[in-house]
Amino acid sequence: MKPEITTWQEYQAAYKESIENPSNFWSKIAKTFYWQKEWTNVCSGDFSDVNIRWFDGGILNITENCLDRHLAERGDHLALIWEPNDPTEKMHGVRKYTYRQLYEEVLCCAQMLQKLGVQKGDRVCIYLPMIPEILICMLACARIGAIHSVVFGGFSAASLAERINDSDAHILITADSAFRGNKEIHLKEIADKAIQNAPGIQHCIVYIHTGCAIPWVEGRDLKYQDLIAQTTAECPAVPMEAEAPLFILYTSGSTGKPKGIVHTTAGYMVYVGYTFRNIFQIRDDDIFWCTADVGWITGHSYLVYGPLLNGTTVLMFEGIPTYPDPGRFWQVIQKYKVTIFYTAPTVIRSLLLEGTSYLEDKDLSSLRVLGSVGEPINEEAWQWYYKHVGKERCPIVDTYWQTETGGIVISPIANITPTPPCYATYPLPGIVPAILDSYGKEIALNSLKEPAEGTLCFKQPWPSIARTTFRDHARFKKVYFEEYPGYYLTGDNARYEPTTGMFRITGRMDDVLNVSGHRLGTAEIENAINEHEAVVETAVVGYPHPIKGQGIYAFVICDRPFSSSEDLLKSVQQLVSEKIGPIAKPDYVQVVPGLPKTRSGKIMRRILRKLLEGATPTQIGDTSTLLDPAIVESIFEGLLLKPKAV
Ligand code: PRX
């Protein structure tokens, strides 16, 4: 499908109409998709009632839009190219699927799930590596109206069990193991451990990927390949109401356990399909590569649904950027003549440290558009990406969004709107940003003379905003809509430039960490560390890290001496890996005599963050509200990380 926006004027006109007359605007966009029955009401609900509905009355199945409708004209066009971890292809060859082949695979998989008794509305947990089956299983769920809940393959057994239980899934789909670089991840073993604490699982379907030896529970465990062999490529698309849930994806917040964010069918489809083709200015012959894992929202929206909704060829890569050497990404771009490359700043930062030698011998002339996602991109990384990867020819779209927003909400449109370094720039059609000051009052952006920074919120629902947190609407309302009534609270700070009307995202304002683009809550890491035998209390904060964006630093109070600080660090890291996953391991664990707490017992993480950013105790401002102001000095004395002075 062709982008609707092809000029700056068209962007402005689309934006204006989407705000002044959302029903008109979105019904035109929705008509570019296939519906079994058209909607009767485009949108209802707002951020006060938090009962948001789009395309009510409409009946559709997203897989008919991702697959069936392409068959007539693009059946032989490539839908998916899969590049294995090992570039010599000794273990696995490259796998390629045309739209017709993918359609058939999905239908077989959907029939397999149906035969196992999976019905519309049931949850299916998918814990797979970056192999085609992850995408096939997601679409197979959508085909029969089951709700997929993909859990990132880097999460631990405990995290997987927690997510299975919260979503009440009866089927788990996993693989024997997978390689990422040199490292083998034994997914089936992790899944087995998880199932011990997730008694609702009736069947564990195992895709045999590496052929490694695996434990097996007769009756419960079933081989994916065996089941598929007994199916045919027949499975009618189950009619879905527009607001039927499409998937659950767990994400971390400031407090409590990860939340099961729920996205529904029609609004998500329309917004993700529309933003994909417009932001990247998709053409028929594009090879689009999104490096994100399918286990995160970027993978869901812009590796799976966005490209397939538009009949685009998408590339999925199993491995990591540095294996077998730091030239791998550039080699893959050259090999497949990738035209659009969408990655995260942390990847750029780690590859720029390797110098340009790995790039110089690669032909990157196929590239047309570059994208960035997941965290603020710093100027150095932006310039390197622009100069050495894009050869100063390719615009960089710095796309800002969240698991909750479903699709990109603030971003340039490639070659149409400006792309100044480090700016997410302008809101997309349907998005009305607001910046609130420290009193929670909306800043009047129209009359501003100087740039203003504050809390980024959105004022008006757009089609792909999350609808709820699974089985806990009260929590959804509380987290996103209670503090500033009438607004959706992003949790990010942004700066607005009145001369250009552009937004720059400056980072999280709450206790959410962004480590290598992975979103983690301080509370979940603290809870894990508190289970350590020697630890009585923990405060976790992020500190500036040159590659990861943020690193994790834990301050702990211990009730017994530990043999060495190295041992303490190792055992805490081990514990966090088991409880959450290796991505949440702290880099530093500092034993402290106390934590900076207010008289009411709240830990002032802000103070700890400032110390790690280089402030001395006298530079951190007013500490009079602290129960014991002297504690700051003693924490400062013991810092393990000596930041540069501010
Ligand atoms: O802090 C923002 C940051 O990532 C958070 C959302 O994380 P998650 O739900 O995991 O989704 C990540 C992929 C969409 C946001 O609250 N973030 C995402 N994109 C950007 C960003 N920060 C700055 N610039 C971006 N382009």
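Both ligands and their constituent atoms are indexed starting at 1 by order of listing.
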Give yes if a backbone or side-chain nitrogen or oxygen of Thr298 is under 3.5 Å from a nitrogen or oxygen of ligand 1, and no if not.
-> no

Check for a donor-acceptor pair, side chain of Glu453 on one end and backbone N or O of Arg495 on the other, with a separation under 3.5 Å.
-> no

Contact with ligand 1 for Trp401, non-hydrogen, under 4.0 angstrom | yes

Strictly under 6.0 Å, is that where the ring centroids of Phe503 and Tyr426 end up?
-> no

Answer side chain, backbone, both or neither: which part of Gln402 comes under 4.0 Å from ligand 1, heavy atoms only.
-> both

Judging by distance only, is a nitrogen or oxygen of Thr490 under 3.5 angstrom from one on ligand 1?
-> no

Centroid-to-centroid, Trp26 to Tyr274, below 6.0 Å?
-> yes

Which bit of Ile297 is near ligand 1, meaning a heavy atom under 4.0 Å away: side chain, backbone, both or neither?
-> side chain

Going by distance only, is there an N or O of Gly517 that falls short of 3.5 Å from an N or O of ligand 1?
-> no

Please determine if Thr251 has a nitrogen or oxygen closer than 3.5 Å to a nitrogen or oxygen of ligand 1.
-> no

Which protein non-hydrogen atom lies closest to atom 3 (C) of ligand 1, naming both residue and atom, and how far is it?
-> Gly374 O, 3.3 Å

Could you say whether the N/O atoms of Asp492 and ligand 1 ever approach to under 3.5 Å?
-> yes

Closest non-hydrogen contact found for Ala142 with Thr63 is CB-CG2, 3.7 Å

Against heavy atoms of Arg508, which atoms of ligand 1 measure under 4.0 Å?
-> 1 (O), 15 (C), 16 (O)

Identify which of Arg519, Glu375, His300 has a heavy atom lying nearest to atom 22 (N) of ligand 1.
-> Glu375

Among the heavy atoms of Gly491, does any lie under 4.0 Å from an atom of ligand 1?
-> no

From the list Tyr385, Phe329, Phe280, ring-ring contact (aromatic ring centres under 6.0 Å, His included) partner of Tyr342 resolves to Phe280

Side chains of Ile261 and Phe470: closer than 4.5 Å at any heavy-atom pair?
-> no

What pair of heavy atoms forms the shortest contact from Val540 to Leu513, and how long is it?
-> CG1-CD1, 4.0 Å

Enumerate the atoms of ligand 1 whose separation from the nearest heavy atom of Ile505 is less than 4.0 angstrom.
-> 22 (N), 23 (C)

Flag the pair Phe47 / Tyr480 as yes when their ring centroid distance falls below 6.0 Å, and as no otherwise.
-> no

Measure Asn514 to ligand 1 on non-hydrogen atoms and call it side chain, backbone, both or neither using the 4.0 Å cut-off.
-> side chain

For the side chain of Asp293 and the backbone of Trp296, is there at least one donor-acceptor N/O pair under 3.5 Å apart?
-> no

Could you name the option among Thr403, Ile408, Leu520 that has the heavy atom nearest to atom 8 (P) of ligand 1?
-> Thr403

Side chains of Leu520 and Ile552: closer than 4.5 Å at any heavy-atom pair?
-> yes

